[in-house]
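Following: one structure in structure tokens, then a few remarks.
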Amino acid sequence: MTSDKAVLTATNLTKRYGALLAVDRISFSVRSGEIVGLLGPNGAGKTTTINMILGILQPTEGSIEVLGKDMRRYRSEISRRMNFAAVYAHMPANLTVRQNLFVFGLLYGIPHLRKRISALMEEFDLTRFADIKAGLLSSGELSRLNLAKAIMNEPRLLLLDEPTASLDPSISQLLRDRIQAYAATTGAGILWTSHNMTEIEAVCHRVMFLSRGKILLSGDPCTLPAEHGKQDLEELFIAVAREPLQLQRGRR
């Protein structure tokens, strides 16, 4: 269940690389218990936005607040209350599943760490791989490990960048179920990027479409396509990628 309390608030968020305006004064929020899809074609500014929220990139302009605190002033404190998972964020290959979780647990200062690791391995069906090196795991097993790491510190804000890309439908469904349950039971806010529109329709309460660094459209993923004369979210995604100016004129 979502609430009106914002976990994440971005205001006039901007990122420039010389003459290139990668993110152009975007403002949005993610509420407690809400899963928000951040969508758009490659190069739209999605990963840049997530990296600014994570503190990896410094915004050129604008502000980010997590749990009511400004990222610039309270980055260290905020970092302990958030986490991240992505299909391309590889775990150290020479460490076993258990060792990976132990190292990240130490970094996050997790109390009763061994008990927490055992619970996570059981939840994500990783117990039988506990002493297997991460470099020997399948893509599905690695994704489960990455997500276990991402919720290890029980984050109030969880950022997911293509977390199920290239996974088979069974593993994708498992991860979606785990993420939805996590948001519902903890009240965490989740920002999720994906190119899988069926997945987004299934999990997200709200979506935002980025185009050329701007938020072009936003709304309920179940009703937004019809509002713009499209049959489904995939058709709307294609229109955002190919006809952004036409869609923008249609809003006026």
Side-chain angles (χ1 to χ4, degrees), residues 2-17 22-23 25-36 38 45-92 95 97-117 119-120 123-124 134 143 145-163 178-179 182-183 185-193 208:
T2 64
S3 77
D4 292 331
K5 186 176 181 180
V7 173
L8 167 67
T9 303
T11 305
N12 295 326
L13 198 58
T14 304
K15 184 62 181 177
R16 293 189 181 90
Y17 297 100
V23 175
R25 295 179 62 82
I26 64 174
S27 298
F28 65 91
S29 64
V30 178
R31 299 189 299 271
S32 177
E34 186 180 33
I35 303 176
V36 177
L38 184 62
K46 304 184 300 297
T47 299
T48 299
T49 298
I50 283 183
N51 283 339
M52 285 191 285
I53 297 168
L54 285 169
I56 295 170
L57 292 176
Q58 189 75 15
T60 306
E61 298 173 23
S63 65
I64 298 166
E65 287 189 358
V66 177
L67 299 172
K69 295 192 174 183
D70 183 76
M71 173 64 80
R72 291 180 190 269
R73 294 182 60 192
Y74 298 98
R75 178 179 173 183
S76 179
E77 180 181 342
I78 287 170
S79 294
R80 294 195 294 270
R81 308 298 303 280
M82 61 195 293
N83 214 316
F84 168 75
V87 72
Y88 56 78
H90 301 296
M91 307 292 275
L95 296 183
V97 167
R98 193 193 313 273
Q99 288 168 341
N100 266 289
L101 293 175
F102 189 79
V103 168
F104 281 102
L106 289 176
L107 290 173
Y108 283 108
I110 305 298
H112 312 293
L113 181 54
R114 295 184 189 280
K115 183 177 179 180
R116 179 65 174 153
I117 289 171
L120 286 169
E123 179 179 355
F124 288 95
S143 294
L145 174 57
N146 206 349
L147 189 55
K149 183 277 297 181
I151 68 169
M152 169 173 278
N153 62 325
E154 299 181 327
R156 292 295 311 283
L157 175 63
L158 182 58
L159 306 173
L160 303 174
D161 197 357
E162 299 279 353
R178 292 290 191 275
I179 294 164
Y182 183 76
T185 58
T186 66
I190 297 177
L191 188 63
W192 185 318
T193 81
M208 302 178 293

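Because the structure is a prediction, the values reported are computed rather than measured.
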CZ/Phe102 to CG/Leu107 distance, rounded to the nearest 0.5 angstrom?
10.5 Å
Are the side chains of Leu147 and Tyr182 in contact, using a 4.5 Å heavy-atom criterion?
no
Determine the sole option in Leu8, Leu54, Asn83 for which the side-chain contact (heavy atoms from CB on, under 4.5 Å) test with Leu157 is passed.
Leu8
As an exercise, state the distance from CZ of Phe124 to NZ of Lys149, rounded to the nearest 0.5 Å.
11.5 Å
I'd like to know if the side chain of Thr11 and the backbone of Ser27 have a donor-acceptor N/O pair within less than 3.5 Å.
no
As an exercise, state the distance from CG of Leu13 to CZ of Phe28, rounded to the nearest 0.5 Å.
6.5 Å
When you measure from the side chain of Arg116 to the backbone of Met152, do you find a donor-acceptor pair of N or O atoms at a distance under 3.5 Å?
yes
Atom of Pro155, atom of Ala150 and distance for their closest heavy-atom approach:
CG-O, 3.3 Å
Nearest 0.5 Å, please: how far is OG1 in Thr9 from CD in Glu65?
6.0 Å
Could you give me the CA-CA distance, side-chain angles and deciding distance for Glu123 and Leu120, then say whether side chain to side chain contact (heavy atoms under 4.5 Å, CB included) is met?
CA-CA 5 Å; Glu123 179 179 355; Leu120 286 169; 4.3 Å; yes
What pair of heavy atoms forms the shortest contact from Ala183 to Ile190, and how long is it?
CB-CD1, 3.7 Å
Should Asp70 and Ser63 count as side-chain neighbours, where that means a heavy-atom distance under 4.5 Å?
yes
Check the pair Ile53 / Met82 against side chain to side chain contact (heavy atoms under 4.5 Å, CB included), numbers first and verdict last.
CA-CA 10 Å; Ile53 297 168; Met82 61 195 293; 3.8 Å; yes
More than 12 heavy atoms from other groups under 6.0 Å of CZ on Arg114:
no
Is a side-chain donor or acceptor of Thr48 paired with a backbone partner of Ala22 at a separation under 3.5 angstrom?
no
Can you give me the closest heavy-atom contact between Gly187 and Ser32, atom names plus distance?
O-OG, 2.6 Å
Is a donor on one side and an acceptor on the other found under 3.5 Å between the side chain of Arg75 and the backbone of Gly55?
yes
Donor-acceptor check, side chain of Thr193 to backbone of Leu191, threshold 3.5 angstrom: yes or no?
no
State, with a plain yes or no, whether a side-chain heavy atom of Pro59 is found less than 4.5 Å away from one of Arg72.
yes
For the pair Leu95 and Phe104, evaluate side chain to side chain contact (heavy atoms under 4.5 Å, CB included) and give the outcome as yes or no after the intermediate values.
CA-CA 11 Å; Leu95 296 183; Phe104 281 102; over 6 Å; no
Could you state the interatomic distance from CD1 (Ile179) to CH2 (Trp192), rounded to the nearest 0.5 Å?
3.5 Å
Arg16 to Thr60 - nearest heavy-atom pair and separation
N-OG1, 2.9 Å
Under 3.5 Å donor-acceptor, Arg98 side chain and Ile117 backbone
no
Considering non-hydrogen atoms only, spot the tightest contact between Leu113 and Leu101 and give its length.
CD1-O, 4.4 Å
N/O donor-acceptor pair under 3.5 Å between Lys5 side chain and Arg31 backbone:
no
Is there a side-chain contact between Pro92 and Val103 (heavy atoms, below 4.5 Å)?
no
Distance (rounded to the nearest 0.5 Å) between Ile151 CD1 and Thr186 OG1:
8.5 Å
For residues Asn153 and Arg80, report the shortest heavy-atom separation together with the two atoms involved.
ND2-O, 3.0 Å
Dump the intermediate steps for side-chain hydrogen bond (donor to acceptor under 3.5 Å, both in side chains) on Thr47 and Asp161, then the final yes or no.
CA-CA 7 Å; Thr47 299; Asp161 197 357; 3.0 Å; yes
